[in-house]
Protein chains: 2
Amino acid sequence: MHPGKSAEGPLTPGLVFEMLQAHQRTAALKAAIDLDVFRAVGEGPGSVASIARHCSASERGIRILCDFLVINGVLQKENERYRHTPSSAAFLDPASPACMASIAQFLSNQAMREPFEQLAEIVRRGRTSLPGDGSVEPENPAWVEFAETMGPMMAPMAAPLGKVVLNGHTGPMRVLDIAAGHGLFGIEIAKQNPQAHVTGLDWAPVLRVALDNARKAGVHDRYDMLPGSAFEVDFGGPYDVVLLTNFLHHFDKPTNVGLLRKVRTALKPGGRAATLEFVPNEDRVSPPVSAGFAMAMLTTTAAGDAYTLSELTAMYNQAGFTGITAHPIPRSPHTVVIGNA
Amino acid sequence: MHPGKSAEGPLTPGLVFEMLQAHQRTAALKAAIDLDVFRAVGEGPGSVASIARHCSASERGIRILCDFLVINGVLQKENERYRHTPSSAAFLDPASPACMASIAQFLSNQAMREPFEQLAEIVRRGRTSLPGDGSVEPENPAWVEFAETMGPMMAPMAAPLGKVVLNGHTGPMRVLDIAAGHGLFGIEIAKQNPQAHVTGLDWAPVLRVALDNARKAGVHDRYDMLPGSAFEVDFGGPYDVVLLTNFLHHFDKPTNVGLLRKVRTALKPGGRAATLEFVPNEDRVSPPVSAGFAMAMLTTTAAGDAYTLSELTAMYNQAGFTGITAHPIPRSPHTVVIGNA
């Protein structure tokens, strides 16, 4: 085939050019959040002058930035006025209860961003460029930031996860929430089952965020804390349910099998372990968000991955679990995978 | 995964999440180019092991990187083997004559990238964070890199530009190529008209690249050099044609009008000035690539812009040109705008 031509019409280097400049899109959204552009658009008349005034910014800068946001689908423009798209109104305007602008803070922190500056070297070595074991180093302050900022993104998944995990189970039960973070998943179970008692496990500074959220949800009298490393502390128990949300992807398979064995011994007979994960299809290249998550694990961990369902099932089985089932969370890239002790 | 994608159906934060991570796509393509992944895919069997061997890289790193490239449409995967897409074969494999991997070098150089780290501050101030006038500071070494690396991207535009500019004109003619860079546009005119004599104007270190390209094209006996700043040197002349390619966007309107006046006095009566520009529609948000180019001008210049046709026409008219016409280059984001002296 002649380069420059294909069966589907003339080839252009558009995709290559676009990818080489995709970093501009991240920078533009981050700058707009930092400058409070989305509140300005929601509150004011939407002219360049009014947004510039609200943001204490230049008109040239605001005009070019807002046009760029329109090009990228997170604002609209009509008669020289900028307006919210449904998506920017819901997820980027601080006036919206679903606003998730805070996640920009976590996703753009040094530890998440810096490795991408040396990605070729990371690919050569096959592990993060961060010191030690990367993002899972003990007491990594990134996880306090994660707990504090990623709640808005995880919140919509809590209700469906709680429903899948409880599966109609009522009455007294004990739940261990490993790597609780913001605590929202364990808290949701306590909300859905008024007789559930939840133990949140995480580094102490992170658990303060979880306890704060438990207080806000009014379930703190049934929430207690187990500070430390999931690999080191005694889990106590026995538990009816152990949650392992957004956790296994940080580690290699033998480490996960070892941890799952420890989880199983902390469960009552018939108890259930539930992981929340990005689970790509077996081809590892679909769906895009779940499969693409492997890149974050390459850059920030020594040996983590976005594991496929067959890999997760094998790990569960090796740890002695049976009856493994997968439950995709609708309209999210996440899947709950459950194993029976 | 592409700019401009709009939210339809149930609202999800997918677009926001994707934009906040879009920088990963730039880093992945850059790393794959730096590691020689695209040559490995073109030459070898396409297994993780064979690519890792060719690139002296880890299998974990190569597998996750190549999967990420598949997700983003610049490789294909089948039966655990990676293959070129038509687009990666044409534009990313160094074995292809149309390979434009070198542009990654220019687009990722410090001066182009660094301002995006402080975009909020740039929007506040309304001008580049680079010292002085940014990318147009005298003797900026970035332009040598531009001349050396951006040829593959500009080359496909040379033939249509030459045709539009010559417009059937044969016989002896003199052409001034302002900000010649790689020199490809002036050289193309010399190729299309064997009696054209071209003068390339640019900083001396840049002109060495242009002269080298003129030699390769076999037109160096009709190519001479005028080193210096377009705002300072005497143009000489009179010329039949003056080219101003990828130049006006760096400056504000009064500066451009002044320069166009100087161009007009260097033209023979009836001579033509031809600019090659990213020309967005009057809404300034379409088409995406031309309109989005304003962001590069915000970050790297004091007062440049992606000018609309009405703005370019006004500048031409103020400088005394008449009969302004626009000629979009097919399958490219560029437009040739011609004015008659």
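Letters A, B, ... mirror the listed sequences (proteins, then strands); counts begin at 1.
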Between B:C55, B:G14, B:A27, which has the largest tally of heavy atom pairs under 4.5 Å with chain A?
B:A27

Between B:T26 and A:M19, what is the shortest heavy-atom contact and its length?
OG1-O, 2.7 Å

Closest contact, heavy atoms only, A:R284 versus B:I71:
O-CD1, 4.4 Å

Whatever's closer than 4.5 Å to a heavy atom in chain A on B:S87 counts as both

Among pairs that include at least one residue of residues 76-116 of chain A, which meet ring pair (Phe, Tyr, Trp, His ring centres under 6.0 Å), considering only residues two or more places apart or in two chains?
A:F106-A:W143, A:F106-A:F146, A:F116-B:H23

Taking every non-hydrogen atom, the tightest pair across A:V16 and B:L29:
O-CD2, 3.9 Å

If you count heavy-atom pairs under 4.5 Å with chain A, which of B:P333, B:A302, B:A52, B:P330 comes out on top?
B:A302

Pairwise distance CD(B:Q24) to CG(A:L119) - rounded to 0.5 angstrom
9.0 Å

Report which part of B:R125 has an atom under 4.5 Å of a heavy atom belonging to chain A: side chain, backbone, both, or neither.
backbone

If you measure from the Lys or Arg side-chain nitrogens to the Asp or Glu carboxylate oxygens, is any gap between A:R63 and B:D305 under 4.0 Å?
yes

Only heavy atoms, only distances under 4.5 angstrom. Which residues in residues 32-40 of chain B are near chain A?
B:D34, B:L35

Ranking B:G126, B:P13, B:G73, B:P287 by heavy-atom pairs under 4.5 Å to chain A gives rank one to B:P13

Closest approach of B:A120 to A:A31 (non-hydrogen atoms, all atoms of both residues):
N-CB, 3.7 Å

Please name the pair of heavy atoms, one in B:A28 and one in A:M295, separated by the smallest distance, quoted to 0.1 Å.
CB-CE, 4.2 Å

I'd like to know if the side chain of A:R60 and the backbone of B:G304 have a donor-acceptor N/O pair within less than 3.5 Å.
yes

